[in-house]
Amino acid sequence: MKALRLLLAGAQELLSLLVDDVLTFVGAVVGLTGTYLLAHHLSDAWAGYLMYAVVWVFLAISLTRAARR
Amino acid sequence: MDLLIAALPAFLASLVEFVEALTIVLAVGLTRGWRPSLSGAVAAGVLLAAMVLGFGPSLARVDDHVFKAVIGSLLLLFGLRWLHKAILRYGGAVALRDEQAKFAAGEASASALPEAHGFDWAGAAVSFKATLLEGLEVVFIVLALGAKGSDALVAATLGALAAAAVVIGTGFAVRAPLSRVPENALKFFVGGMLCSFGMFWAGEGLGVDWPGGDVALPVLLASTFGLAWTMVTAIRERRVAA
(Lines give C-alpha, C1' and ligand atoms only; values in the text may rest on other atoms or scores of the structure.)
Protein backbone atom coordinates (compact mmCIF):
# COMPACT_ATOMS: atom_id res chain seq x y z
CA MET A 1 0.00 0.00 0.00
CA LYS A 2 2.83 2.38 0.91
CA ALA A 3 4.62 1.50 -2.32
CA LEU A 4 1.44 2.25 -4.30
CA ARG A 5 1.08 5.61 -2.56
CA LEU A 6 4.70 6.43 -3.38
CA LEU A 7 4.14 5.44 -7.02
CA LEU A 8 1.04 7.61 -7.25
CA ALA A 9 2.86 10.53 -5.64
CA GLY A 10 5.71 10.08 -8.13
CA ALA A 11 3.28 9.91 -11.07
CA GLN A 12 1.60 13.08 -9.82
CA GLU A 13 4.91 14.91 -9.62
CA LEU A 14 5.79 13.78 -13.16
CA LEU A 15 2.39 14.90 -14.46
CA SER A 16 2.88 18.29 -12.83
CA LEU A 17 5.84 18.77 -15.18
CA LEU A 18 3.31 19.10 -18.00
CA VAL A 19 0.11 20.32 -16.35
CA ASP A 20 0.25 23.40 -14.20
CA ASP A 21 -3.19 24.76 -14.98
CA VAL A 22 -6.13 22.62 -16.07
CA LEU A 23 -7.71 25.22 -18.35
CA THR A 24 -4.46 25.79 -20.26
CA PHE A 25 -4.00 22.04 -20.61
CA VAL A 26 -7.57 21.63 -21.90
CA GLY A 27 -7.00 24.47 -24.38
CA ALA A 28 -3.91 22.78 -25.77
CA VAL A 29 -5.70 19.43 -26.09
CA VAL A 30 -8.74 20.99 -27.77
CA GLY A 31 -6.50 23.00 -30.10
CA LEU A 32 -4.40 20.00 -31.08
CA THR A 33 -7.42 17.72 -31.59
CA GLY A 34 -9.23 20.35 -33.62
CA THR A 35 -6.12 20.84 -35.74
CA TYR A 36 -5.91 17.15 -36.54
CA LEU A 37 -9.59 16.99 -37.53
CA LEU A 38 -9.50 20.19 -39.57
CA ALA A 39 -6.22 19.47 -41.31
CA HIS A 40 -7.57 16.17 -42.60
CA HIS A 41 -11.08 17.26 -43.48
CA LEU A 42 -10.99 20.97 -44.31
CA SER A 43 -8.19 23.41 -44.90
CA ASP A 44 -4.77 22.29 -43.69
CA ALA A 45 -3.28 25.82 -43.78
CA TRP A 46 -5.93 27.39 -41.57
CA ALA A 47 -5.99 24.46 -39.14
CA GLY A 48 -2.67 25.63 -37.69
CA TYR A 49 -3.89 29.17 -37.12
CA LEU A 50 -7.07 27.86 -35.51
CA MET A 51 -4.97 25.78 -33.10
CA TYR A 52 -3.01 28.92 -32.24
CA ALA A 53 -6.20 30.89 -31.63
CA VAL A 54 -7.80 28.16 -29.48
CA VAL A 55 -4.67 27.75 -27.34
CA TRP A 56 -4.43 31.50 -26.76
CA VAL A 57 -8.14 31.92 -25.96
CA PHE A 58 -7.92 29.25 -23.25
CA LEU A 59 -4.61 30.67 -21.98
CA ALA A 60 -6.06 34.19 -21.80
CA ILE A 61 -9.15 32.97 -19.91
CA SER A 62 -6.98 31.02 -17.50
CA LEU A 63 -4.66 33.99 -16.91
CA THR A 64 -7.59 36.36 -16.35
CA ARG A 65 -9.12 34.00 -13.79
CA ALA A 66 -5.80 33.44 -12.03
CA ALA A 67 -5.09 37.18 -11.88
CA ARG A 68 -8.50 37.81 -10.24
CA ARG A 69 -7.77 35.38 -7.36
CA MET B 1 20.21 27.69 -37.58
CA ASP B 2 18.80 24.26 -36.62
CA LEU B 3 21.68 23.75 -34.19
CA LEU B 4 21.06 27.16 -32.62
CA ILE B 5 17.36 26.30 -32.23
CA ALA B 6 18.49 23.15 -30.39
CA ALA B 7 21.27 24.65 -28.26
CA LEU B 8 19.86 28.02 -27.14
CA PRO B 9 16.57 26.94 -25.48
CA ALA B 10 18.37 23.92 -23.98
CA PHE B 11 20.99 26.25 -22.44
CA LEU B 12 18.48 28.80 -21.12
CA ALA B 13 16.00 26.23 -19.79
CA SER B 14 18.82 24.28 -18.13
CA LEU B 15 20.05 27.47 -16.41
CA VAL B 16 16.68 27.83 -14.68
CA GLU B 17 16.39 24.16 -13.70
CA PHE B 18 19.97 23.80 -12.48
CA VAL B 19 19.65 26.94 -10.33
CA GLU B 20 16.56 25.40 -8.67
CA ALA B 21 18.34 22.09 -8.12
CA LEU B 22 21.46 23.85 -6.84
CA THR B 23 19.40 25.63 -4.17
CA ILE B 24 18.38 22.29 -2.63
CA VAL B 25 21.79 20.64 -3.10
CA LEU B 26 23.42 23.63 -1.36
CA ALA B 27 20.84 23.57 1.44
CA VAL B 28 21.49 19.85 2.05
CA GLY B 29 25.25 20.31 1.70
CA LEU B 30 25.48 23.15 4.22
CA THR B 31 23.11 21.42 6.67
CA ARG B 32 23.84 17.69 6.39
CA GLY B 33 27.26 17.63 4.79
CA TRP B 34 28.65 17.59 1.27
CA ARG B 35 29.11 13.84 0.98
CA PRO B 36 25.38 12.94 1.00
CA SER B 37 24.44 16.09 -0.90
CA LEU B 38 26.86 15.54 -3.76
CA SER B 39 26.33 11.76 -3.79
CA GLY B 40 22.61 12.25 -4.35
CA ALA B 41 23.13 14.91 -7.01
CA VAL B 42 25.75 12.87 -8.89
CA ALA B 43 23.58 9.73 -8.78
CA ALA B 44 20.68 11.70 -10.28
CA GLY B 45 23.04 13.18 -12.89
CA VAL B 46 24.22 9.72 -13.96
CA LEU B 47 20.62 8.51 -14.30
CA LEU B 48 19.68 11.58 -16.36
CA ALA B 49 22.69 11.15 -18.65
CA ALA B 50 21.73 7.49 -19.16
CA MET B 51 18.23 8.62 -20.21
CA VAL B 52 19.62 10.98 -22.83
CA LEU B 53 22.06 8.38 -24.17
CA GLY B 54 19.42 5.66 -24.09
CA PHE B 55 16.45 7.47 -25.60
CA GLY B 56 18.12 10.15 -27.70
CA PRO B 57 19.42 8.17 -30.70
CA SER B 58 16.31 5.94 -30.85
CA LEU B 59 13.95 8.91 -31.25
CA ALA B 60 15.38 9.63 -34.69
CA ARG B 61 14.00 6.25 -35.86
CA VAL B 62 10.37 7.12 -35.02
CA ASP B 63 8.10 8.02 -37.95
CA ASP B 64 8.53 11.72 -38.70
CA HIS B 65 4.83 12.70 -38.46
CA VAL B 66 4.23 10.75 -35.25
CA PHE B 67 7.40 12.16 -33.72
CA LYS B 68 6.50 15.76 -34.60
CA ALA B 69 2.92 15.41 -33.37
CA VAL B 70 3.89 13.84 -30.02
CA ILE B 71 7.04 15.84 -29.28
CA GLY B 72 5.46 19.06 -30.53
CA SER B 73 2.42 18.53 -28.30
CA LEU B 74 4.59 17.83 -25.26
CA LEU B 75 6.75 20.89 -25.98
CA LEU B 76 3.59 23.00 -26.29
CA LEU B 77 2.26 21.80 -22.93
CA PHE B 78 5.62 22.30 -21.26
CA GLY B 79 6.06 25.76 -22.78
CA LEU B 80 2.54 26.81 -21.80
CA ARG B 81 3.29 25.82 -18.20
CA TRP B 82 6.33 28.09 -18.03
CA LEU B 83 4.73 30.93 -20.01
CA HIS B 84 1.57 30.87 -17.87
CA LYS B 85 3.57 31.22 -14.66
CA ALA B 86 5.95 33.85 -16.09
CA ILE B 87 3.07 36.03 -17.34
CA LEU B 88 1.37 35.92 -13.93
CA ARG B 89 4.64 36.81 -12.20
CA TYR B 90 5.41 39.70 -14.53
CA GLY B 91 1.81 40.89 -14.16
CA GLY B 92 2.24 40.94 -10.38
CA ALA B 93 -0.53 38.41 -9.76
CA VAL B 94 1.97 35.90 -8.36
CA ALA B 95 5.15 36.69 -6.44
CA LEU B 96 8.48 36.25 -8.19
CA ARG B 97 10.37 33.13 -7.15
CA ASP B 98 12.45 33.90 -4.09
CA GLU B 99 15.51 31.68 -4.27
CA GLN B 100 16.67 32.80 -0.79
CA ALA B 101 13.32 31.76 0.71
CA LYS B 102 13.50 28.39 -1.09
CA PHE B 103 17.03 27.93 0.26
CA ALA B 104 15.91 28.71 3.81
CA ALA B 105 13.00 26.27 3.46
CA GLY B 106 15.40 23.65 2.09
CA GLU B 107 17.74 24.14 5.05
CA ALA B 108 14.84 23.83 7.49
CA SER B 109 13.61 20.60 5.81
CA ALA B 110 17.09 19.12 5.77
CA SER B 111 17.61 19.99 9.44
CA ALA B 112 14.35 18.22 10.31
CA LEU B 113 15.51 14.92 8.79
CA PRO B 114 16.44 12.13 11.20
CA GLU B 115 20.00 12.14 12.46
CA ALA B 116 22.24 9.96 10.31
CA HIS B 117 24.32 7.09 11.67
CA GLY B 118 26.91 6.29 9.01
CA PHE B 119 26.08 7.47 5.48
CA ASP B 120 23.28 10.06 5.45
CA TRP B 121 20.81 8.31 3.11
CA ALA B 122 18.01 10.76 3.95
CA GLY B 123 20.11 13.77 2.96
CA ALA B 124 21.30 12.02 -0.19
CA ALA B 125 17.68 11.15 -1.08
CA VAL B 126 16.59 14.80 -0.80
CA SER B 127 19.46 15.92 -3.02
CA PHE B 128 18.79 13.04 -5.48
CA LYS B 129 15.06 13.83 -5.74
CA ALA B 130 15.57 17.57 -6.28
CA THR B 131 18.27 17.03 -8.94
CA LEU B 132 16.24 14.29 -10.67
CA LEU B 133 12.99 16.26 -10.83
CA GLU B 134 14.62 19.44 -12.14
CA GLY B 135 16.87 17.40 -14.42
CA LEU B 136 13.91 15.53 -15.97
CA GLU B 137 12.70 18.82 -17.44
CA VAL B 138 16.17 19.39 -18.90
CA VAL B 139 16.28 15.85 -20.32
CA PHE B 140 12.87 16.30 -21.89
CA ILE B 141 13.90 19.55 -23.57
CA VAL B 142 17.23 18.09 -24.74
CA LEU B 143 15.55 14.98 -26.20
CA ALA B 144 12.76 16.99 -27.85
CA LEU B 145 15.03 19.62 -29.39
CA GLY B 146 17.73 17.10 -30.24
CA ALA B 147 15.56 14.44 -31.84
CA LYS B 148 15.96 15.85 -35.36
CA GLY B 149 19.31 14.10 -35.63
CA SER B 150 22.60 13.41 -33.91
CA ASP B 151 23.95 16.94 -34.58
CA ALA B 152 20.88 18.51 -32.97
CA LEU B 153 21.10 16.13 -29.99
CA VAL B 154 24.76 17.00 -29.49
CA ALA B 155 23.98 20.73 -29.75
CA ALA B 156 21.12 20.49 -27.23
CA THR B 157 23.24 18.36 -24.86
CA LEU B 158 26.16 20.78 -25.07
CA GLY B 159 23.77 23.65 -24.33
CA ALA B 160 22.54 21.87 -21.20
CA LEU B 161 26.07 20.92 -20.12
CA ALA B 162 27.27 24.50 -20.59
CA ALA B 163 24.44 25.71 -18.35
CA ALA B 164 25.34 23.05 -15.75
CA ALA B 165 28.97 24.17 -15.78
CA VAL B 166 28.00 27.83 -15.31
CA VAL B 167 25.57 27.12 -12.48
CA ILE B 168 27.70 24.56 -10.63
CA GLY B 169 30.84 26.66 -10.97
CA THR B 170 29.17 29.85 -9.79
CA GLY B 171 27.16 28.14 -7.07
CA PHE B 172 30.10 26.46 -5.46
CA ALA B 173 32.23 29.59 -5.77
CA VAL B 174 29.72 31.72 -3.88
CA ARG B 175 28.30 28.88 -1.71
CA ALA B 176 24.89 30.52 -1.79
CA PRO B 177 21.71 30.25 -3.87
CA LEU B 178 21.91 32.14 -7.17
CA SER B 179 19.15 34.62 -6.48
CA ARG B 180 20.31 37.12 -9.10
CA VAL B 181 19.59 34.84 -12.07
CA PRO B 182 16.66 36.44 -13.94
CA GLU B 183 14.56 33.32 -13.54
CA ASN B 184 11.26 34.80 -14.64
CA ALA B 185 12.77 36.44 -17.73
CA LEU B 186 14.29 33.10 -18.72
CA LYS B 187 11.02 31.24 -18.14
CA PHE B 188 9.11 33.84 -20.17
CA PHE B 189 11.57 33.66 -23.06
CA VAL B 190 12.03 29.87 -23.06
CA GLY B 191 8.31 29.25 -22.44
CA GLY B 192 7.43 31.38 -25.45
CA MET B 193 10.01 29.61 -27.61
CA LEU B 194 8.85 26.14 -26.60
CA CYS B 195 5.18 27.08 -27.17
CA SER B 196 6.00 28.33 -30.66
CA PHE B 197 8.25 25.40 -31.60
CA GLY B 198 5.73 22.99 -30.11
CA MET B 199 2.81 24.43 -32.07
CA PHE B 200 4.82 24.51 -35.28
CA TRP B 201 6.02 20.91 -35.01
CA ALA B 202 2.73 19.54 -33.65
CA GLY B 203 0.94 21.27 -36.49
CA GLU B 204 3.28 19.72 -39.07
CA GLY B 205 2.88 16.30 -37.49
CA LEU B 206 -0.93 16.62 -37.49
CA GLY B 207 -1.07 17.54 -41.17
CA VAL B 208 -0.85 21.33 -41.17
CA ASP B 209 0.86 22.95 -44.14
CA TRP B 210 2.04 26.18 -42.52
CA PRO B 211 1.86 29.08 -44.99
CA GLY B 212 5.40 30.05 -45.89
CA GLY B 213 6.84 26.80 -44.55
CA ASP B 214 9.65 27.49 -42.06
CA VAL B 215 8.96 31.24 -42.31
CA ALA B 216 5.86 30.59 -40.20
CA LEU B 217 8.08 29.81 -37.18
CA PRO B 218 9.44 33.36 -36.65
CA VAL B 219 5.88 34.65 -37.22
CA LEU B 220 4.64 32.31 -34.46
CA LEU B 221 7.49 33.42 -32.18
CA ALA B 222 6.78 37.12 -32.69
CA SER B 223 3.02 36.61 -32.19
CA THR B 224 3.54 34.53 -29.06
CA PHE B 225 5.79 37.08 -27.39
CA GLY B 226 3.56 39.95 -28.50
CA LEU B 227 0.43 38.29 -27.10
CA ALA B 228 2.21 37.22 -23.93
CA TRP B 229 3.39 40.77 -23.22
CA THR B 230 -0.09 42.10 -23.98
CA MET B 231 -1.43 39.74 -21.30
CA VAL B 232 1.24 40.97 -18.83
CA THR B 233 0.21 44.58 -19.47
CA ALA B 234 -3.49 43.76 -19.15
CA ILE B 235 -2.96 41.98 -15.81
CA ARG B 236 -0.87 44.88 -14.45
CA GLU B 237 -3.47 47.46 -15.51
CA ARG B 238 -6.27 45.43 -13.97
CA ARG B 239 -4.37 45.22 -10.70
CA VAL B 240 -3.66 48.97 -10.68
CA ALA B 241 -7.34 49.72 -11.39
CA ALA B 242 -8.54 47.35 -8.62
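Chain letters run A, B, ... following the sequence lines, proteins first, then strands; residues in each count from 1. Side-chain atoms are counted along with the backbone in the values below, which use heavy atoms only and exclude waters and symmetry mates.
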Query raised in the report: Checking B/Ala228 against chain A: side chain, backbone, both or neither under 4.5 Å from a heavy atom?
Result: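 Contact with chain A involves both backbone and side-chain atoms of B/Ala228.
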
Query - Heavy-atom contact with chain A under 4.5 Å, split by part of B/Leu220 - result: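 Both parts, backbone and side chain.
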
Report task. May I have the step-by-step check of side-chain contact (heavy atoms from CB on, under 4.5 Å) for B/Trp210 and B/Val219, ending in yes or no? Result -> CA-CA 11 Å; B/Trp210 292 100; B/Val219 173; over 6 Å; no

Requested in this report: Any chance you could measure B/Trp229, atom CH2, to B/Thr233, atom OG1, to the nearest 0.5 Å?
Outcome: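 Here the interatomic distance stands at 6.5 Å.
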
Query raised in the report: Quick one: CD1 on B/Ile24 to OG on B/Ser37, what's the gap to the nearest 0.5 Å?
Result: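 Here the rounded value is 10.0 Å.
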
Query raised in the report: Who pairs with B/Val138 by side-chain contact (heavy atoms from CB on, under 4.5 Å), at least two apart in sequence or on another chain?
Result: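 In terms of side-chain contact (heavy atoms from CB on, under 4.5 Å), with neighbours along the sequence ignored, B/Val138 is linked to B/Ser14, B/Glu17, B/Phe18, B/Val142, B/Ala160.
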
Query raised in the report: Looking at residues at least two apart in the chain, or sitting in another chain, which of them share a side-chain contact (heavy atoms from CB on, under 4.5 Å) with B/Val70?
Result: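 For B/Val70 the side-chain contact (heavy atoms from CB on, under 4.5 Å) partners, ignoring immediate neighbours, are B/Val66, B/Leu74.
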
Requested in this report: Select, from B/Ile235, B/Thr224, B/Thr230, the one with the greatest count of heavy-atom pairs under 4.5 Å involving chain A.
Outcome: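 Winner by heavy-atom pair count: B/Thr224.
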
Query raised in the report: Using a cut-off of under 4.5 Å for heavy-atom pairs, which of B/Ala216, B/Ser223, B/Gly203 has the most such pairs with chain A?
Result: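 Top count of heavy-atom pairs under 4.5 Å with chain A: B/Ser223.
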
Requested in this report: Compare all side-chain heavy atoms of B/Met231 with those of B/Tyr90 and state whether any distance is below 4.5 angstrom.
Outcome: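 A side-chain contact under 4.5 Å is absent here.
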
Query raised in the report: Where along residues 184-198 of chain B does a heavy atom come under 4.5 Å of chain A, listed by residue number?
Result: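 If one takes a 4.5 Å heavy-atom cut-off, no residue of residues 184-198 of chain B lies near chain A.
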
Report task. Can you sort out the partners of B/Phe128 under ring-ring contact (aromatic ring centres under 6.0 Å, His included), two or more places apart, ordered by chain and number? Result ->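 Testing B/Phe128 for ring-ring contact (aromatic ring centres under 6.0 Å, His included), a comparison that skips the adjacent residues, returns none.
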
Query raised in the report: Would A/Leu59 and B/Leu227 satisfy side-chain contact (heavy atoms from CB on, under 4.5 Å), going step by step from the backbone distance to the final call?
Result: CA-CA 10 Å; A/Leu59 180 59; B/Leu227 284 167; over 6 Å; no

Query - A/Val55 versus chain B, the contacting section by heavy-atom distance below 4.5 Å - result: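 Side chain only.
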
